[in-house]
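Accompanying notes for the structure given below.
Numbers here simply count residues along the sequence, with the first being 1. As the structure lists them, so they are numbered: ligands from 1, and atoms in each ligand from 1.
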Amino acid sequence: MYEKNQIITLTIDDLGTDGEGIGKDNGFTFFVKDGIPGDEIEARVLKLKKNYGYAKVEKVIKPSPFRVTAPCEHARRCGGCQIMEMSYDKQLEFKSKKVFGNLVRIGGIDEEYLKTIFEPIIGMEGEPLRYRNKAQYPVGRNKDGEIVTGFYAGRTHSIIHNTDCLLGATENKDVLEAVLDYMNSEGIEPYNEETGAGIIRHVLIRKGFASSELMVCIVVNSDKLPKSEKLVDRLVKIAGMKSISYSINKSRNNVIMGDNYHVLWGGSTISDTMRRPDDSSVTFSISPLSFYQVNPIQTEKLYGTALEFAGLTGKENVWDLYCGIGTISLFMAANAAMVYGVEIIPQAIDDANANAKANGINNVKFFVGEAEKVLPEFYASTSDEQMKSPDVICIDPPRKGCDEACLETMVKMSPDRIVYVSCDSATLARDVKYLVANGYELKRVRTVDMFGNSVHCESVCLLKKLV
Ligand code: SAH
């Protein structure tokens, strides 16, 4: 048997769903963090279960042909980029296989059939770095007592100091250095997760890639940000600064943002512009609490795919569930008769309405609430046939997927096409199974890589009603 901390020799021959390498030693399976298929390694045993164990790479004896040197020195310790030591082509293959596998195993889709409709993954062009328009840096003290900002080490809450994550905008560093300088000069204490004392918890930074506008929102564990003018003085010097605010979050949990925010300087939003496939564009206002896709270049491709799958001719009535600030709704509106959006966060719907107005789009209507409540309520109460029997329903739920009450009503509304945009292919597959069992056929699947170097990706599925 094995012991903790034992060093073993392994060949990595597969990848797990979280990007960990999988190797077998005399039939005993090890999940190896940072192991790449094809690697021959010395691994340290970390944890043992009855039939499998966890290990980490101690030394690469013979590197896999797919192994690359991570461009970031923090790659192994930081929890963000799980597969940065894998070549980008291999990353794309891994993501594509994961989505395919989930649709077969969880979704019950016939493998041979799926092969005929599964389209090639849309990867990023060029290096998958510097693509994120949003960063959320935790603030705390390191073991030497210094105030640091950076990233949580994988699966822990100790902060690795880093002001320049290579996935983010270069301006993040200037913002974080300004925040640290203000805290050190003015004696502002970072939040301490263990004691619940201290003030500054997180720094949220957003950049509109098309507009070059910057937003900073400081998450505080108090009613005010003390001496905030001293921070504002520093931040306004950074080119592109448009909005500085703070958000109060006094909870003792892992949620980053508070429920509200207060503007200290500038406006409450920044803007960003996205191109549609016909080369027209839509401009969005984004506030600190609203969801906005983090990779704007790939988002155009994702929404373009959703639009293509929706097959709109200008006559259709469309529901866009989980619509956020109305991005997909506004992307589709020019090709639809009417689009109805549903979103749980009221501020996001404020943004959605403002965005529709700013773009001169009148054929959209947004509703605040849970999709699983709003949709069944409308279905039960409205006599408006347009709303009750749409041609297309587009959904883009968070990772946990769609509530069954929502899926049930979607089926009752009986749209010709359902376009499902998903950031978690396991819940996507579960929901596709439901829809396939209730009169829909899976017609097209396309994965888009929005999160290079991490294990995540987005997928779009087209389901068509069987006649
Ligand atoms: N389609 C948008 C947002 C997708 S993210 C875009 O691409 O930008 C998922 C969105 O669903 C988030 O805005 C989140 O606030 C919202 N949401 C989460 N649970 C919800 C629910 N039960 N009902 C409606 N919206 C929900």
Do [X] and [Y] come within less than 4.5 Å of each other through their side chains, counting heavy atoms only?
X: Asn221; Y: Ile199; result: no
X: His262; Y: Ile248; result: yes
X: Asp416; Y: Glu316; result: no

* Give a yes or no on whether a salt bridge exists between Asp164 and Arg130, defined as a side-chain N under 4.0 angstrom from a carboxylate O. =>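 Answer for the salt bridge query: yes.
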* Taking NZ, NE, NH1 and NH2 as the nitrogens, is one of them in Lys250 or Asp223 under 4.0 Å from a carboxylate oxygen of the other? ->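 Answer for the salt bridge query: yes.
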Please tabulate, for the side chains in residues 389-398, all donor-acceptor contacts under 3.5 angstrom to protein atoms that are two or more places apart in sequence or on a different chain.
unit_1: Ser389; atom_1: OG; unit_2: Glu385; atom_2: O; d: 3.1
unit_1: Ser389; atom_1: OG; unit_2: Glu385; atom_2: OE1; d: 3.2
unit_1: Asp391; atom_1: OD2; unit_2: Asn317; atom_2: N; d: 2.7

* **First-shell residues of ligand 1 [heavy atom, distance under 4.0 Å]** =>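 If the criterion is a heavy atom under 4.0 Å, then ligand 1 touches Phe291, Gln293, Tyr303, Tyr322, Cys323, Gly324, Thr327, Ile328, Glu343, Ile344, Ile345, Gly369, Glu370, Ala371, Glu372, Asp396, Pro398.
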